2 protein chains.
Amino acid sequence: MKKGEANRKRIVDAANQLFYHKGYNQTAFSEVADASGIPKGNFYYYFRSKEELLEAVIDDRLAGIKQMLAEWQRDIPTPRARLHRYAQIPLNELDDVLRYGCPMGSLNVELGKNQLHLQSQATEMFSLFRGWLEQQFDELGLGEKKVEYALHLLSVAQGAALIGNVYRDRTFIAAEVARMDKWIATL
Amino acid sequence: MKKGEANRKRIVDAANQLFYHKGYNQTAFSEVADASGIPKGNFYYYFRSKEELLEAVIDDRLAGIKQMLAEWQRDIPTPRARLHRYAQIPLNELDDVLRYGCPMGSLNVELGKNQLHLQSQATEMFSLFRGWLEQQFDELGLGEKKVEYALHLLSVAQGAALIGNVYRDRTFIAAEVARMDKWIATL
DNA sequence: GTCTATATGAAGATAGAC
DNA sequence: GTCTATCTTCATATAGAC
């Protein structure tokens, strides 16, 4: 990897975490600079604007999601087991979810207020899960219901993450995951 | 009402809507001034800081929620019918929810990132609903499950509002409300 | 109580040396 | 490619006249 590439990645990684922990609009360039060890003025060699940095962060997250879903598709033998794997996400990321909510959901909520061109990119993260979930329902022979069911599973996870975050309640998140698992099992 | 009181209310009403539509941190004083017709410098006669303005907005919302829930308690004869009434909220506010999400949820998500002292006040909005929902489950003889069930209903509504907002999908919100109604009916 | 003018600070962005 | 210094803009907040 070239030196410039390595620096770019350090900036994106630092911004990724800060945007999650503090929100996009509430994160200043100088904080990303401090966290990444790259001087502020040097940013504009890599990104022409803060928006472009957000786009790079979203692209990075999209790549991570794509890879994860491809691995699940390859390594988990049945669509039902894959759905159960999806339902576990909030528990796998429990501490972060309790403290900062869902990284996809909170970013979409923030950008959806009045930065619609940015939200449309953030929505792609949901759409990766949505397409993958629809595929699982297809494979289960539930193609007729796949749109409703996929959105339903996105929705349940978002509700659990949001209320879990509001009340810092790990028990509740576990209960909602159990409820999702039960629903998946009886499909 | 004294003149000063009327002006104060106009500021709070304008801020209330702007905080919902644009988010708290993304709303500037000057915008509240324009929307309310009160000159910028005059704000500090009514509120010592932006945070204090938010507190006034939250207090205003809390009062509205309290009144609404008291009316429901008084006018709707059975706890089950009251729960059904709760489930209708996202449909009653459909256009706003599609465009801006849930006013309670989106504010909590924003403040929960790194303004915890403000989030704790915003959380009170949820807690009013939570307590009222628990009361309904109590009256239904489901006191043992009331904590889990109340949080569950908060969670379902939040998930529906968030995903409905992300995809601007009214059909999905209607489907989730129908699912909630079905769940309430079979309790 | 109401308003204008302005202070203050921070943020995003740029210029230009090395 | 890397970094320092700085510009500009805009937000919160204040001072003080009326």
Side-chain angles (χ1 to χ4, degrees), chain A residues 1-58 107 110-111 113-119 121-122, chain B residues 1-58 107 110-111 113-119 121-122:
Chain A
M1 190 187 311
K2 280 186 290 191
K3 184 122 181 248
E5 286 297 306
N7 274 348
R8 194 179 195 280
K9 180 159 171 33
R10 284 171 64 195
I11 294 172
V12 170
D13 287 346
N16 195 347
Q17 174 160 323
L18 282 163
F19 290 171
Y20 178 33
H21 290 183
K22 303 198 56 179
Y24 168 68
N25 290 298
Q26 289 300 102
T27 298
F29 255 10
S30 57
E31 296 173 283
V32 184
D34 290 346
S36 63
I38 311 282
K40 222 176 60 152
N42 207 359
F43 271 64
Y44 291 83
Y45 174 74
Y46 297 102
F47 306 98
R48 280 203 298 248
S49 67
K50 193 182 179 188
E51 293 198 356
E52 215 172 83
L53 173 55
L54 175 62
E55 285 164 22
V57 166
I58 292 175
L107 185 61
E110 179 180 3
L111 301 177
K113 292 286 188 187
N114 65 338
Q115 289 160 114
L116 296 188
H117 59 295
L118 293 174
Q119 188 203 20
Q121 297 184 57
Chain B
M1 189 186 315
K2 280 185 291 192
K3 184 122 181 249
E5 286 297 307
N7 274 348
R8 194 178 194 280
K9 180 160 170 35
R10 285 171 63 195
I11 294 171
V12 170
D13 287 346
N16 196 345
Q17 173 161 322
L18 281 163
F19 290 172
Y20 178 32
H21 288 183
K22 302 196 56 179
Y24 168 68
N25 289 299
Q26 289 300 104
T27 299
F29 257 8
S30 58
E31 296 173 282
V32 184
D34 290 345
S36 63
I38 311 284
K40 227 176 55 155
N42 207 358
F43 270 64
Y44 292 83
Y45 174 74
Y46 297 101
F47 306 97
R48 280 204 297 253
S49 66
K50 192 182 179 186
E51 292 197 356
E52 217 172 81
L53 174 55
L54 176 62
E55 284 163 21
V57 166
I58 292 174
L107 185 61
E110 179 180 4
L111 301 176
K113 291 287 186 185
N114 65 337
Q115 289 160 114
L116 296 187
H117 58 296
L118 294 174
Q119 188 203 19
Q121 297 184 58

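What's counted below: heavy atoms across the whole structure, side chains too, no hydrogens, waters or symmetry copies. Just so you know, these numbers come straight off a predicted model, no measurement behind them.
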Exercise for the section: Counting heavy atoms from C-beta on, name the nucleotide in D:dA13, C:dG12, D:dT2 closest to the side chain of A:Tyr45. Expected result: D:dT2
Exercise for the section: Please answer whether the main-chain N or O of B:Arg48 pairs with a side-chain N or O of B:Glu52 as donor and acceptor at a distance below 3.5 Å. Expected result: yes
Exercise for the section: May I ask you to decide if B:Gln26's main-chain N or O and A:Lys113's side chain share a donor-acceptor pair within less than 3.5 Å? Expected result: no
Exercise for the section: Assess the pair B:Phe29 and B:Tyr44: is the distance between their ring centroids shorter than 6.0 Å? Expected result: yes
Practice task
Salt-bridge test for A:Glu31 and A:Lys22: reply yes if a basic N is under 4.0 Å from a carboxylate O, no otherwise.
Solution key: yes
Fill in the blank from the handout: Ordered by number, residues from residues 23-42 of chain A within less than 4.0 Å of DNA chain D (heavy atoms) are A:Pro39, A:Gly41, A:Asn42
Nearest whole angstrom, please: distance from the [atom2] of [N] to the [atom1] of [X].
X        : N      : atom1 : atom2 : answer
B:Leu54  : D:dT12 : CG    : C1'   : 15 Å
B:Leu18  : D:dA11 : CG    : C1'   : 15 Å
B:Phe43  : D:dA15 : CZ    : C1'   : 18 Å
A:Gln115 : C:dG12 : CD    : P     : 12 Å
A:Tyr44  : C:dA13 : OH    : P     : 4 Å
B:Lys22  : D:dA11 : NZ    : C1'   : 12 Å
B:Ile11  : C:dC3  : CD1   : P     : 10 Å
A:Phe47  : C:dA11 : CZ    : C1'   : 18 Å

Handout entry: Global bending angle along the helix from C:dG1-D:dC18 to C:dC18-D:dG1, which compares the axes of five pairs at either end, to 10 degrees
Key = 10°
Exercise for the section: Verify the distance criterion only: is there a donor paired with an acceptor across the side chains of B:Asn25 and B:Glu110 at less than 3.5 Å? Expected result: yes
Between [X] and [Y], which heavy-atom pair has the shortest distance, and what is it?
X       : Y       : answer
A:Phe47 : A:Ala56 : CE2-CB, 3.5 Å
B:Ile11 : B:Val32 : O-CG1, 3.9 Å
A:Ala14 : A:Ala35 : CB-CB, 4.0 Å
B:Ile38 : B:Phe43 : O-CE1, 3.6 Å

